[in-house]
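Everything on this sheet refers to the single structure shown next.
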Protein chains: 2
Amino acid sequence: MQLRNQVEWALHCCSILAGLPPGQRLSTKALAEFHGVPKPYLSKALQSLAQAGLIEGTLGPSGGYRLARPAAEISFLEITEAIEGRARSFACTEIRRNAPCLRADEQISGPCQVARVMWQADEAWRAVLRSQSLADLSATLEAELPERLLADAEAWVGARSAGG
Amino acid sequence: MQLRNQVEWALHCCSILAGLPPGQRLSTKALAEFHGVPKPYLSKALQSLAQAGLIEGTLGPSGGYRLARPAAEISFLEITEAIEGRARSFACTEIRRNAPCLRADEQISGPCQVARVMWQADEAWRAVLRSQSLADLSATLEAELPERLLADAEAWVGARSAGG
DNA sequence: CTTATTGCGGACATTCAATATCTTTAATGA
DNA sequence: TCATTAAAGATATTGAATGTCCGCAATAAG
Ligand code: SF4
Ligand code: SF4
């Protein structure tokens, strides 16, 4: 019951890509260096995001990634699911079918209350993540972080981004 | 991001213990047989529940487990946390501290917005599980399951329960 | 008292997923 | 052409989840 830390990486990377000037791209190398994480491994996470249609990769020199859609249309849930998959956190193995008092021909209708409650909790979790977009995140960060830090980060990223 | 299947076992076992006449106990052996799961492994889950103070074990012949509290005072969340632990699903590794533009002496206040959103989702998940008690589960099951099945299960369990 | 039964706790083996790295290929701009 | 980059896949490494085992202490029944 633990999210992979790739989720954290992905969220931070998307946050940076959201702050890029429109059309600009940033390479895996720069993103890995910025966060201090192994580049080949971060690359896997970015590929998952690309396959999910959240970001776009471009080959060649001055290639890199950029958001495939406006930041306001990308939610925390989409990013999380791109990394973790869409499986529900509670897996139902139907152990009630093993009950010794259950007759072979007897029908059991749908999922039982145990599974329904667990799935309801899962849905509540998803609802919160679905309600938060990358644009919301950027707005909060800009309001909270010190100006110098934002400026320096922008300069650092700007020096390494390319394309249009 | 997947709950252990011990959680499912624990929920079902608690559900059965909740249906026992007051004071009666049921052994690990019977619970394992009923659900068709390996007894030594189920034993681990039941021990976790006992350590969390949700059920009580009694030694000796005719020993076994019973609820330590009324079913109405035991929530899904307590059972889940007894197995899974109380750690939050999103672990913050503070990767923002690796940012190259961050000066050594610079303070970063508390958790950032990324972590706050993830934890908020986690809390929504917990809120649903906290709101459901074992008594609620029993009530729903009694209303939904066919009468014959309930009677047979009660008879099967009754023949193997003991004490008072 | 003796004996069988049961939960308790720890040690241990096994299996599988998460983590991390590497290599090759294809695309692209300089 | 040539250097650079993402894409895709193979492959190690690690660690957690799963499953088993054994000795111990408590307890009730004979
Ligand atoms: S939770 Fe309910 S539906 Fe899921 S396996 Fe257990 S009994 Fe079957
Ligand atoms: S989510 Fe925010 S607080 Fe957590 S590690 Fe990343 S930057 Fe730090």
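By convention in this document, chain letters (A, B, ...) are assigned in the order of the sequence lines, proteins followed by strands, and residues within each chain are numbered from 1.
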Whole angstroms only, please: what is the [atom1]-[atom2] distance between [X] and [N]?
| X | N | atom1 | atom2 | result |
| --- | --- | --- | --- | --- |
| Gln2(A) | dA17(C) | CD | C1' | 14 Å |
| Leu59(B) | dG7(C) | CG | C1' | 5 Å |
| Leu31(B) | dT5(C) | CG | C1' | 16 Å |
| Glu33(B) | dT5(C) | CD | P | 15 Å |
| Glu56(A) | dA27(C) | CD | P | 17 Å |
| Glu8(B) | dA17(D) | CD | P | 17 Å |
| Lys39(A) | dC22(C) | NZ | P | 12 Å |
| Glu84(A) | dA17(C) | CD | P | 14 Å |

Applying a 4.0 Å non-hydrogen cut-off, can you work out what Lys29(A) is touching in the nucleic acid: base, sugar-phosphate, or nothing? nothing
Would you mind classifying the nucleic acid contact of Ser43(B) as base, sugar-phosphate or nothing, using non-hydrogen atoms under 4.0 angstrom?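 Ser43(B): no heavy atom of the nucleic acid under 4.0 Å.
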Let's see if you can work this out: which of [options] has an atom nearest to the side-chain heavy atoms of [X]?
| X | options | result |
| --- | --- | --- |
| Tyr41(A) | dT27(D), dT21(C), dT20(D) | dT21(C) |
| Pro40(B) | dT21(C), dC21(D), dA26(C) | dC21(D) |
| Pro38(B) | dT20(D), dG7(C), dA20(C) | dT20(D) |
| Lys44(B) | dT28(C), dA6(D), dT20(D) | dT20(D) |
| Asn5(B) | dA25(D), dA6(D), dT18(D) | dT18(D) |
| Tyr65(B) | dG29(C), dG7(C), dG9(D) | dG7(C) |

Hey, are the side chains of [X] and [Y] touching, using non-hydrogen atoms and a 4.5 Å cut-off?
| X | Y | value |
| --- | --- | --- |
| Val128(B) | Glu123(A) | no |
| Arg66(B) | Gln24(B) | no |
| Glu73(B) | Leu134(B) | no |
| Glu8(A) | His12(A) | yes |

Distance flag, aromatic centroids of Phe34(B) and Trp156(B), threshold under 6.0 Å: yes
For DNA chain C, whose closest nucleotide is more 5', that of Pro61(A) or that of Leu42(A)?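 Per heavy-atom nearest nucleotide, the more 5' residue is Leu42(A).
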Has Glu154(A) got more than 12 heavy atoms of other residues, nucleotides or ligands less than 6.0 Å from its CD?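 No - once you tally the heavy atoms of other residues, nucleotides and ligands closer than 6.0 Å, there are 12 at most.
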Verify whether one side chain among Glu142(A) and Ser138(A) offers a donor that lies under 3.5 Å from an acceptor in the other. no
Do the side-chain N and O atoms of Asp122(A) and Ser89(A) include a donor-acceptor pair separated by under 3.5 angstrom?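 Per modelled atom types, Asp122(A) and Ser89(A) side chains form a pair under 3.5 Å.
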Any side-chain N or O of Thr28(B) less than 4.0 Å from the OP1 or OP2 oxygen of dG7(C)?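 Checking dG7(C) against Thr28(B), a side-chain N or O does come within under 4.0 Å of OP1 or OP2.
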For DNA chain D, which residues of residues 45-55 of chain B approach it to below 4.0 angstrom with any heavy atom?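 Here the set is empty: none.
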Toward the 5' end of DNA chain D, which comes first, Ser62(B) or Arg4(B), by nearest nucleotide? Arg4(B)
